[in-house]
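Each remark here refers to the structure printed beneath this line.
A quick note: this is a predicted structure, and the numbers were derived from the prediction, not measured. Note that ligands are numbered from 1 as they come in the structure, with each ligand's atoms numbered from 1 the same way. Along the sequence shown, residues are numbered consecutively beginning with 1. Note: hydrogens, waters and symmetry copies are ignored here, and every other heavy atom, side chains too, is used.
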Amino acid sequence: MKIAIVGTGYVGLVQGVVLSEFGMNVLCLDKDKAKIEKLKRGIVPIYEPGLEEVMARNIAANRLRFTTDSQEAFNFADIIFIAVGTPPAEDGSADLSHVRLVAEEIGQSIIGYKIIVNKSTVPVGTGRLVHDIITQQIKNRGVDARIDIVSNPEFLREGKAVQDCFKPDRVVIGCESENAKKIMQDIYNVLFINQTPFVFTNLETAELIKYASNAFLAVKISFINEIALLAEKVGANTQEIAKAMGMDGRISPKFLHCGPGYGGSCFPKDTLALSRIGRDSGEEMLVVEAAIKANHKQKARMISKIINSMNSINGKTIAILGLSFKPETDDMRDAPSIDIIKGLIAAGAKIRAFCPKGMIEARWRLADSAKDIYYARDEYDSADSADAIVLITEWNQFRGLDLIELRKNMQGSFFFDLRNVFSRSREIRQLFNYFAVGQT
Ligand code: NAD
């Protein structure tokens with residue numbers, strides 16, 4: 001089967017690589033020339049564990065190729081996956097300009113029958129919008145071309161994207177064409193025979209499943225973060241609360257870790273977009289909107305907790321451990337570290353930051369604050385002369401830190417562990433003035 005993937009970001013690239021591993025003939029298209037040049041040379045432009053190896057194998061087997069030429073991609077493929085970004089617009093709604101543009105390009109190029117699969121996270125109704133844009137272009141050209149539209153939302157987690165695509169919890173396919181349904185089943189045949197659950201439904205339901213899933217997880221995080229704020233006030237321990245809550249099969253222990261608030265390329269934008277879809281449909285998403293509000297409050301609380309605990313941070317140096325929005329990714333989109341660092345700088349602090357993979361992106365995302373941030377060589381360099389350490393992202397390599405070495409060249413002794421990595425360590429309390437989240 002010949003497949004074109006439009007957009008070689010975290011979703012499109014991983015999907016393209018995995019589908020080629022499933023035996024498909026895949027051509028990945030991106031308008032970013034530098035990215036495609038790298039990919040052609042076998043260089044993965046993002047940090048995603050395990051991706052490079054599978055990609056190299058499939059390039060060598062000639063099942064995986066890359067191009068910037070949309071005509072080439074759309075002529076080659078029988079099935080076209082759209083995996084471009086849908087960032088938040090000013091009003092919080094999903095910005096569909098990339099999706100619209102791709103639909104126009106498809107409509108201007110194709111002949112014959114093509115299946116258009118939407119992998120991007122898009123508001124309800126976008127599948128039909130893409131259908132209308134493409135068919136209008138086909139009509140304008142007066143050619144013999146026909147399409148079926150499929151919504152196939154993606155649920156991969158950055159940092160675990162390869163494993164998630166090989167072993168997804170479920171595959172959601174929204175479409176109204178029996179032929180398209182059958183072809184989608186053939187594409188995912190490896191998963192089908194491995195008993196992966198498939199949900200076949202209509203376009204609108206598939207589109208909403210994605211937002212409902214992400215919003216639910218965001219609500220869960222905001223809920224436990226709210227409990228954590230209360231626990232700190234009343235002397236309770238949120239880790240123990242979450243553990244006991246999670247023992248209830250109806251609740252499950254996942255996504256019950258309190259911390260600095262959710263971030264990343266999906267939860268913030270998808271909760272905002274769902275709230276917008278609700279308002280546009282005359283149905284306020286009260287629970288989701290509360291989760292958004294609680295998330296802003298959580299990040300602000302982290303900043304005020306640091307400032308209040310240290311009395312003032314004006315003129316103080318603060319070491320930051322972890323910048324990416326979660327471990328095992330270089331993605332800094334909407335990372336809590338951005339708001340927290342900006343808040344600390346606004347209160348007069350200087351920053352010494354270290355992250356295993358996030359520093360390249362952090363340099364340009366935090367370019368406005370460049371004069372107040374030193375990017376450290378490692379964790380120990382970051383702590384050098386610092387008054388406080390703030391651990392924001394729980395990279396595994398931080399778990400094994402030599403705490404004595406870390407403390408040695410510090411000026412102060414504050415340690416704010418926003419992920420509770422060391423909350424059970426006695427040593428850290430002996431060496432530092434230690435603060436965890438959601439416990440006293
Ligand atoms: P991304 O920004 O990493 O990648 C998008 C890519 O599309 C970029 O490389 C860009 O150059 C390319 N592109 C944009 N317009 C194009 C065009 N007209 N022609 C060719 N290429 C074009 O985005 P992402 O993180 O991969 O997300 C893609 C979609 O998947 C979004 O809707 C997102 O919400 C959704 N999603 C993301 C994740 C995640 O963890 N990142 C998980 C599930 C779903």
(message) Between the side chains of D132 and R128, is the shortest nitrogen-to-carboxylate-oxygen separation below 4.0 Å, so that they form an ion pair?
(response) no
(request) Verify the distance criterion only: is there a donor paired with an acceptor across the side chains of D330 and Y10 at less than 3.5 Å? (result) yes
(message) Ignoring hydrogens and geometry beyond distance, is a side-chain donor-acceptor pair present between D91 and S93 at under 3.5 Å?
(response) yes
(message) Looking only at protein heavy atoms, which one is nearest to atom 13 (N) of ligand 1, and what is the separation?
(response) V84 CG1, 3.6 Å
(request) Can you pull out the closest protein heavy atom to atom 19 (N) of ligand 1? Residue, atom name and distance to 0.1 Å, please. (result) V6 CG1, 3.7 Å
(request) Provide the number and element of each atom of ligand 1 under 4.0 Å from a heavy atom of V102. (result) 17 (C), 18 (N)
(message) Check R65 with E72, please: is the shortest side-chain N to carboxylate O separation under 4.0 Å?
(response) yes
(message) What I want to check is whether the side chains of E207 and S151 have a donor and an acceptor closer together than 3.5 Å.
(response) no
(request) Keeping the roles fixed (side chain from D30, backbone from D32), state whether a donor-acceptor pair exists under 3.5 Å. (result) yes
(message) Is there a polar contact between ligand 1 and K210, counting only N or O atoms under 3.5 Å apart?
(response) no
(request) Mark up the atoms of ligand 1 that fall under 4.0 Å of a heavy atom belonging to S265, in ascending order. (result) 39 (C), 41 (N)
(request) Please report which non-hydrogen protein atom sits nearest to atom 40 (O) of ligand 1, along with the residue it belongs to and the distance in Å to one decimal place. (result) E158 OE2, 3.2 Å
(message) For ligand 1, which is the ligand I care about here, please tell me if D331 has any N or O atom under 3.5 Å from one of the ligand's N or O atoms.
(response) no
(request) Enumerate the atoms of ligand 1 whose separation from the nearest heavy atom of K269 is less than 4.0 angstrom. (result) 33 (C), 34 (O)
(message) Using the salt bridge (Lys or Arg N to Asp or Glu O under 4.0 Å) criterion, which residues pair with K181? Sequence neighbours excluded.
(response) none
(request) Enumerate the atoms of ligand 1 whose separation from the nearest heavy atom of G85 is less than 4.0 angstrom. (result) 5 (C)
(message) With a 4.0 Å cut-off on N to O distance, would you call K31 and E105 a salt bridge?
(response) no
(request) With heavy atoms of K35 as the reference, note each atom of ligand 1 found under 4.0 Å away. (result) 8 (C), 9 (O)
(request) Considering only non-hydrogen protein atoms, determine which one is nearest to atom 20 (C) of ligand 1 and report residue, atom name and distance to 0.1 Å. (result) K31 N, 3.3 Å
(message) Starting from atom 23 (O) of ligand 1, what is the nearest protein heavy atom, named by residue and atom, and what distance separates them?
(response) R333 NH1, 3.7 Å
(message) Taking distance alone, with N or O pairs closer than 3.5 Å, would you say V11 contacts ligand 1?
(response) yes
(request) Inspect the contact between K326 and E158 and indicate whether a charged nitrogen and a carboxylate oxygen are less than 4.0 angstrom apart. (result) no
